[in-house]
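A short worksheet on the structure shown next.
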Amino acid sequence: MSQRFRLPAGGHVDRSRRLAFTFDGRRFEGHEGDTLAAALLANGVRLVGRSFKYHRPRGIFSAGVEEPNALVELRDGTRREPNTRATVVELFDGLAATSQNHRGSLAFDWMAVNGVLAPWIGAGFYYKTFMWPAAFWERVYEPMIRKAAGLGRASGQPDPDWYEAAHAHCDVLVVGAGAAGLAAARAAGATGARVILAEQDFLFGGDLLNEPELEPWRGEAIAALQAMPEVTLLPRTTVFGFYDQGVLGAVERVADHLPQPPTHTPRQRYWTIRAKEVVLATGAHERLIAFPGNDRPGVMLAGAARTYARRFGVKAGETAVLFATHDAAYDAAFALAEAGTRIAAIIDPRADSAAMQRARQAGFTVQAGSVVTGTVGGNALRGVETGVAGSGGRANAVAADLLLVSGGWNPAVHLASMSGAALAWDEALLAFVPAAAVQRERSAGACRGVHGIGAAAADGAAAGRAAAIAAGFAPAADVLPPDTPAPDHRPYELWEVKGRGKAFVDIQDDVTADDIRLAHREGFSHIEHAKRYTTHAMGTDQGKTGGLVGAAVLAEARREPVAKVGLPRFRPYTSPVTWGAIAGGEVGQHFQPVRRTALHGVHEALGAVWMDAGLWKRPAYYANPGDADAWASVLREARAVRERVGVCDVSTLGKIVVEGPDAATFLDRVYANTFSTLQVGRARYGLMLREDGLVFDDGTTTRLAPDRFFVTTTTAQAGPVMQHLEFHHASAWPDLDVSLASVTDQWAAMSIAGPKARDVVAAVVQGIDLSNAAFPFMAVADCMAAGVPARVFRISFSGELAYEVAVPAGYAATVWQAVMTAGVPHGIEPYGVEALGLLRIEKGHVAGAEINGQTTAQDLGLGRMLKKKGDFIGRTLAQRPGLTDPARPRLVGLRSVDPARQIRAGSHLLVDGRSQGWITSVTQSVVDPGWIGLGMLREGEARIGSSIIAANPLMGEEVPVKVVSPHGYDAENLRVRA
Amino acid sequence: MAGYSGFRVLTEGLRGNTGWKPAWRKATPKPAYDVIVVGGGGHGLATAFYLASVHGIANVAVLERGLIGQGNTGRNTTIVRSNYLLPENNNFYEHSLKLWEGLEQSLNYNVMMSQRGVINLFHSDAQKHAALRRGNSMRLNGIDAEILDPAGVKAMCPIIDVDNGRYPVLGGLLQRRGGTARHDAVAWGFAHAADARGVDIIEQCEVTGMIVEGGAIRGVRTTRGEIRAPKVGLAVAGSTSTLTAMAGFDVPIETHLLQAFVSEGLKPLIDCVVTFGAGHFYVSQSDKGGLVYGGGLDGYPSYGQRGTLPTAEHVYAAGISMIPALGRLRGLRSWAGVMDMTPDGSHYICKTPVHGLYMTAGWCYGGFKATPGSGWCHAWTIAKDEPHRLNAAHTLDRFREGRMLDERGNGPYFWAH
Amino acid sequence: MSAPEPVHPLAAVARGRHGAAGAAPLRVALPAREIVQVMLRRGQDAAFAAAMRAALGMDPPGPGQAVSGSAVTAIWTQPGHWLLTAARRNEGALAARAAEAFAGMAAVADQSHGRTTIVLSGSAAREALSRGCRLDLHPRAFGQGRAAHTPIAQIGCLVHQTDDAPTFELTVFSTLAEPFLHWLLEAGAAYGVEIA
Amino acid sequence: MLRITCPHCGARDELEFSYRGDATVTRPGPDADAGAFHDYLYLRRNPRGWQVEWWQHNGGCRAFLKVLRHTVTHEVRAVAAATETLEVPGA
């Protein structure tokens with residue numbers, strides 16, 4: 001079977017290029033320029049899918065994005081794309097498509113039994129049943145419904161292709177490249193404006209592609225646009241949404257017309273377009289008519305059949321009946337007759353019209369005042385039943401394999417509506433058109449009800465020109481529209497032909513006119529309620545062909561005009577968009593960037609096992625060959641610090657220089673403790689509260705000069721602290737002369753901790769006396785280290801004698817190496833974040849697990865730090881009764897009574913079987929082997945010495961723990977001051 | 001009115017479905033009621049239902065500015081769960097979940113409550129510890145919770161990539177009794193059941209003023225005239241600030257927007273609700289086959305019900321990072337709802353400074369799952385003029401007292417919860 | 001004594017061609033720079049401008065602008081904040097010079113190690129940047145001497161156009177320079193990228 | 001998507017900015033009581049209409065800006081530096 005419905009000539013397909021493809025495993029051929037739907041029709045394939053609920057046979061209904069029926073699974077394996085509209089898929093060699101939503105074969109789908117059950121499974125039936133017994137919903141009813149519902153199958157595999165984002169700015173964006181859009185782009189481009197023309201089709205022209213005699217005008221328009229340097233042409237690009245302030249989203253199908261994307265080419269590109277002015281030239285979608293059997297394969301929109309004949313050179317049927325309510329639809333009959341299709345009858349509810357007369361003159365049988373009352377056939381149309389309009393009676397049957405339907409046209413107002421424009425009822429066109437624009441946007445052509453190529457082009461040219469002028473450009477020469485007659489698109493008001501059998505208003509979702517009436521009967525009379533109750537217009541086609549018909553059926557039931565019933569609100573997307581495209585490149589490993597310290601390579605060479613800390617990668621620990629497991633590594637590292645010396649990369653801490661005459665005043669206000677009294681060359685531990693009085697962050701701050709401080713933050717809060725400082729400076733104290741500079745990346749820092757730390761640091765730094773007297777705890781000095789400028793801080797997180805050496809980041813590896821070399825005689829070990837955590841838990845220092853946004857300074861045992869005098873952020877609200885309540889949980893130390901029994905962070909602390917707190921941090925101890933932790937416990941201090949239960953019911957654990965002081969290790973701080 | 005049942009569906013089907021009556025009457029307002037509930041969304045309708053069914057107060061009007069169920073009931077991602085950390089919250093939501101579990105039978109309406117399981121993934125030790133603390137809090141309060149390792153996550157949802165992402169999955173906190181429900185049906189079901197008990201549901205009736213005399217509520221002024229009542233309950237989501245301003249006081253609420261999305265219909269692919277822990281993303285699959293998904297707030301106040309691209313980009317990117325198989329699927333529709341955010345992320349069901357005026361408000365983005373519980377507690381508070389113990393902590397005054405209910409410690413920033 | 005040369009944050013990146021083998025690839029250079037952040041004190045505008053004229057022979061550039069003197073370029077970054085950049089000489093040299101010149105008028109923070117500059121040039125540079133950069137870089141909207149800070153691929157980037165080739169100097173936090181360059185290589189893969 | 005015209009940088013995408021709350025409330029002075037701080041931190045007028053907000057251009061020049069924005073239409077009518085005053089237009 002080789003394309004027996006292909007016409008010998010005409011259209012925009014290249015008959016010399018044969019493309020092989022398969023549908024349900026059968027092999028076919030089409031041509032370059034075909035859509036899958038065109039190629040299927042050329043090969044006489046009429047049945048392409050099954051409907052959502054009743055599993056009725058369905059064919060190809062349209063020739064564009066509005067397609068409700070011809071949804072296929074395109075490609076296979078990891079590239080399978082369910083629910084792909086055959087009417088927009090560009091044919092390529094080797095294309096494979098499969099029909100979907102049937103059990104058994106496409107032709108014999110045993111789920112079609114649902115059609116017989118229709119009286120009981122109409123709109124909303126499931127709300128009224130499946131309630132007994134209650135447990136049956138999840139076990140029986142729902143799995144059954146779920147399996148039956150849905151359309152295509154996802155591959156379930158990762159997508160092998162990639163996508164990219166792109167950003168564009170323009171003076172005028174023109175959406176749609178039909179006659180109106182081409183003229184608009186040309187008129188705007190001629191002014192010198194930066195213009196983007198986006199068209200979802202792979203060819204520019206829209207309805208021009210159906211008019212061979214206008215081919216010169218189309219060709220010239222495209223050539224002119226291509227010659228304009230400031231015009232960007234984006235074919236295969238769907239503008240899916242109109243957002244605030246002239247921003248529109250679009251997806252360009254870069255490689256969907258190829259078997260697979262070439263190297264260095266994304267499959268699709270997601271555009272964010274910022275336009276000063278927008279011209280919407282999105283055309284119109286032809287409207288179905290609801291009549292019994294209006295969904296049978298072989299029933300097709302009239303304009304679609306015309307497109308298949310004219311653009312694709314394909315006869316959609318041998319014998320056709322046209323059922324139309326307006327003159328413009330007659331063009332389809334003429335086009336098909338020209339293509340060799342026999343026009344068996346034209347059924348028109350009107351008494352007379354100019355087109356009718358022309359049709360009669362051409363020899364067609366025109367049945368004026370009549371309607372289609374039903375269709376005959378199984379998986380394909382065999383005949384059409386007609387009757388007298390308004391009588392409901394059945395007059396006669398006409399044999400036909402194609403029924404062309406046109407109930408008028410729905411302007412594609414989706415983008416205008418999303419931009420904020422209201423919709424206005426056009427009584428002549430029986431359709432909604434955009435009312436006044438809210439954003440800088442104008443509609444042109446059929447999307448605002450201006451039909452006919454010449455008229456649309458003139459409208460587009462005027463809109464494009466006006467848009468360019470509004471964007472600040474001087475007017476240029478006019479674009480001449482083609483001189484064509486404007487067919488009359490004003491329909492006779494006929495939405496539904498009532499009769500026996502299902503008359504669909506939403507073909508995809510199997511919503512019938514009766515369903516709409518049932519919804520009304522049950523009180524779901526508002527369009528939004530009716531839509532939700534029946535699922536009308538909620539399918540992949542979003543009701544483009546039938547949405548208004550459903551509204552009209554509802555209007556009739558409500559005895560109100562359609563204009564009053566209205567349409568549900570339009571929301572993105574105009575057409576479905578690929579998930580991967582919107583995601584762009586920031587997926588998988590690139591979901592967020594990886595931030596590396598200057599010592600990253602050093603850690604890698606040392607065998608670091610990484611952990612994530614925000615964007616940072618930090619060494620969790622260093623796996624030595626001799627370590628039995630991760631804990632062995634961590635304990636080894638921590639033991640080195642307690643007993644000898646260790647070195648740890650602490651570059652990730654946030655660092656902010658606060659400088660200016662008011663720097664000290666500023667810090668006094670943002671910290672809960674005082675900094676104005678700090679001496680130059682000294683550091684102090686600081687505590688920041690939020691305005692609500694809870695602890696925000698902590699760190700050490702150094703006074704480098706009277707007007708210059710060096711603030712450190714925790715790794716996690718570096719960004720938020722900077723914003724917090726900037727905000728309060730800008731909003732609360734703009735009078736303070738102070739500047740803030742983040743120097744986190746400028747400085748790499750390493751902490752050298754342990755009893756031998758002084759010896760190691762002394763061997764590395766020059767120009768500084770490290771003796772306890774000259775350089776006591778909390779002293780800071782600039783110096784040289786390993787020949788580079790450095791700054792040494794005598795501060796400790798581990799509870800040992802410790803120094804932090806900070807150097808400009810480019811020298812970090814050099815200085816680290818010098819430290820390691822100097823440490824060899826002392827048995828130095830690098831230690832990671834896990835050992836750091838172990839050490840601080842032993843010492844009782846709080847960190848992110850305790851400063852979690854839910855704790856106060858008092859809760860953490862830091863209440864004495866709050867200064868008594870002077871304003872600071874959080875001071876007033878920290879005094880609220882709920883925050884000073886002595887019953888609040890307080891920081892305690894915890895120790896597993898049986899040293900071998902593990903305790904866990906996240907366990908709750910039970911006293912008499914009731915939760916009185918929880919464990920925040922846990923580690924094994926090197927000082928006193930066994931499991932220890934920190935926790936928050938009600939009446940914490942009073943309970944020191946008692947044994948309680950650490951309960952972790954999630955893991956079935958109840959571990960007796962002893963409550964101890966959190967500061968059990970070297971409580972007098974002798975070691976840090978040694 | 002005859003109830004709904006499989007038998008009735010059968011017999012009506014044989015009669016051409018002509019015997020169905022409106023699910024609720026189109027009532028016209030009377031001059032006075034015992035209680036006026038302002039707001040015909042899920043919470044308001046539930047309040048009326050429980051006033052009638054639990055407290056025997058059926059002389060109740062529900063006043064709705066537009067259509068019932070057209071606020072957040074009509075625009076949410078349908079998730080039902082009670083996996084909270086703080087006992088004040090998890091006990092409340094557990095009560096709500098238990099009401100959900102019998103809701104079909106109480107309402108005689110199938111709201112398709114589907115207990116398919118809700119998993120919150122975690123990706124770091126810190127997140128795991130927070131999940132353990134929360135899950136243990138649930139368990140100690142008698143609520144089901146399980147901790148999953150990566151293999152357990154894979155078993156529940158095989159298409160999650162636990163190994164290869166920027167932030168590999170370390171496990172998840174699972175509540176098996178959590179799940180989804182058919183959102184619109186919840187409003188319709190409560191309306192149907194409240195109406196059946198005599199409640200007047202009055203649509204297209206906007207409240208334009210609050211009648212307050214001597215510090216007490218006396219009724220409301222509406223576009224359909226004045227209606228008196230000694231007790232008025234507010235359940236109006238994004239209009240709370242407007243109505244409390246009419247009553248003469250401000251509330252700790254900032255109204256933000258939250259986007260949600262639905263994909264094209266698919267055969268079953270995801271059989272539970274999953275939340276990504278390394279970005280803002282969650283997903284479930286509806287009975288109709290569409291994936292329903294969303295992420296975090298857009299980040300600024302809005303009543304516009306229109307979302308923005310950067311947030312959508314994050315949602316899609318996070319989704320693919322968690323489930324790479326989503327890449328070739330297509331999003332069908334996006335929308336945005338209004339969220340009354342509070343400074344601690346928890347809600348209000350409470351009395352107000354005006355005597356006889358009560359409110360359920362500030363639901364952030366947790367309002368849907370709260371629907372029955374909110375209605376139940378609000379009804380109790382109205383009927384008894386005092387809060388039930390389940391909502392005793394959820395007052396407007398808690399910020400004056402410093403007794404915040406901040407689940408995640410995100411602080412006094414409306415947009416941070 | 002001058003310090004040893006610091007390690008460039010992108011020292012480990014493979015030089016040569018990345019991506020497609022086209023005839024007109026993008027070119028990337030990784031110069032060693034000194035970069036200093038200068039922050040104006042209250043009421044010192046005129047004195048500071050005079051000091052800059054005296055020390056560097058130029059006025060402080062206004063918002064969105066950059067000016068280049070004989071050896072030093074000044075780029076406006078924030079209200080009252082500028083970056084001064086120069087080819088690397090000695091550790092801290094530019095910072096010391098700025099601190100001396102602006103004493104009492106502005107705070108100075110050395111960022112030579114904290115920021116990394118990637119120089120991108122080639123006819124496709126604008127198009128490649130548009131894959132992640134949200135700025136309008138069209139000649140009518142941007143151009144030589146323009147500078148703007150903007151996030152690209154989630155990384156804050158100071159974009160400074162230095163000529164009409166066009167050439168863009170892209171300055172990012174050093175700890176994020178590697179993922180930024182990785183993004184740039186992907187964005188430019190269709191044209192090919194030559195790293196000098 | 002919002003586009004906000006930064007007085008320093010020109011029109012930029014919403015992504016470059018972060019919202020930082022109602023700019024019509026001001027932090028009480030050092031002598032204010034807990035009630036004043038409560039109202040400052042927690043109570044909001046939350047208008048359905050024009051609102052003056054704090055936004056930081058943290059992806060650009062880091063300046064804190066006052067933005068006059070409509071909470072229904074999202075129109076941005078004016079943007080000013082932190083020290084300037086923006087009037088809310090009448091209904």
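Here the structure is a predicted model, which means the values were calculated and not measured. Residue numbers begin at 1 in each chain, while the letters A, B, ... track the order of the sequences.
- Listed options B:Asp125, B:Leu140, B:Ile159 were ranked by heavy-atom pairs under 4.5 angstrom with chain A; first place goes to B:Leu140.
- Atom NZ of A:Lys147 has 12 or fewer neighbouring heavy atoms from other residues, nucleotides or ligands inside a 6.0 Å radius.
- Both the backbone and the side chain of B:Ser334 come within contact range of chain A, judged by heavy atoms closer than 4.5 Å.
- Ring pair B:Trp335/A:Phe570: centre-to-centre distance not below 6.0 Å.
- Using a distance-only test at 3.5 Å, with no hydrogens or angles considered, a donor-acceptor pair links the side chain of B:Lys26 to the main chain of A:Gly523.
- Distance alone, capped at 3.5 Å, is enough to place a donor-acceptor pair between the A:Gln589 side chain and the B:Gly165 backbone.
- By number of non-hydrogen pairs under 4.5 angstrom with chain A, the leading residue of B:Gly289, B:Ser286, B:Gly13 is B:Gly13.
- Only the side chain of A:Asp885 has a heavy atom closer than 4.5 Å to any heavy atom of chain B.
- Annotation: the span from B:Arg139 atom CZ to A:Leu954 atom CG amounts to 5.5 Å, rounded to 0.5 Å.
- There is no contact between A:Arg139 and chain B, counting heavy-atom distances below 4.5 Å.
- For the residue pair A:Thr84 and B:Arg330, a side-chain donor N or O sits within less than 3.5 Å of a side-chain acceptor on the partner.
- Contact annotation for B:Leu291: only side-chain heavy atoms (C-beta onward) come within less than 4.5 Å of a heavy atom of chain A.
- Checked by atom type, the side-chain pair A:Tyr127/B:Arg182 shows a donor-acceptor distance below 3.5 Å.
- In this structure, the side chain of A:Gln542 engages the main chain of B:Leu332 through a donor-acceptor pair within 3.5 Å.
- For the options B:Glu203, B:Arg398, B:Glu146, B:Gln70, heavy-atom pairs under 4.5 Å to chain A are most numerous at B:Gln70.
- Only the backbone of A:Ala148 comes within contact range of chain B, with heavy atoms under 4.5 Å apart.
- Proximity to chain B (any heavy atom under 4.5 Å) is shown, for A:Leu74, by neither the backbone nor the side chain.
- The backbone N or O of A:Gly906 sits less than 3.5 Å from a side-chain atom of B:Asn136, completing a donor-acceptor pair.
- A:Leu518 touches chain B through its side chain: at least one heavy atom from C-beta onward sits under 4.5 Å away, while N, CA, C and O do not.
- Taking chain A as the reference chain and counting heavy-atom pairs below 4.5 Å, the highest number among B:Arg328, B:Glu407, B:Lys267 is found for B:Arg328.
- When heavy atoms are compared at a cutoff of 4.5 Å, A:Ala849 does not approach chain B at all.
- If you take CD1 on A:Ile527 and CG on B:Leu67, they are separated by 11.0 Å, rounding to the nearest 0.5 Å.
- Note: B:Leu309 leads B:Leu14, B:Leu309, B:Asn164, B:Leu269 in heavy-atom pairs under 4.5 Å with chain A.
- No donor-acceptor distance shorter than 3.5 angstrom exists from the side chain of A:Arg880 to the backbone of B:Arg403, with no hydrogens or angles considered.
- Salt bridge annotation for A:Glu142-B:Arg116: present, with a cationic side-chain nitrogen under 4.0 angstrom from a carboxylate oxygen.
- If you tally non-hydrogen atom pairs under 4.5 Å between each of A:Ala878, A:Ala519, A:Gly152, A:Ala581 and chain B, the highest count goes to A:Gly152.
- Between the side chain of A:Arg532 and the backbone N or O of B:Gly74 there is at least one donor-acceptor pair closer than 3.5 Å.
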Original post:
Does the side-chain contact (heavy atoms from CB on, under 4.5 Å) test come out yes or no for B:Phe261 and A:Ile582, once each step is laid out?
Top reply: CA-CA 12 Å; B:Phe261 309 82; A:Ile582 308 300; over 6 Å; no

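- Of the listed residues A:Phe524, A:Tyr533, A:Phe52, the one with more heavy-atom pairs under 4.5 angstrom with chain B than any other is A:Phe524.
- At least one donor-acceptor pair under 3.5 Å links the side chain of A:Trp120 to the backbone N or O of B:Leu10.
- In terms of modelled atom types and a separation under 3.5 Å, the side chain of B:Arg408 and the main chain of A:Gly853 share no donor-acceptor contact.
- With hydrogens and angles disregarded, no donor-acceptor distance shorter than 3.5 Å links the side chain of B:Asn110 to the backbone of A:Met131.
- Within the 6.0 Å centre-distance limit, the rings of A:Phe591 and B:Phe276 are counted as a close aromatic pair.
- Checking side-chain atoms of B:His129 against main-chain N and O of A:Ile919 turns up no donor-acceptor pair under 3.5 Å.
- A 6.0 Å sphere centred on NZ of B:Lys128 holds no more than 12 heavy atoms belonging to other residues, nucleotides or ligands.
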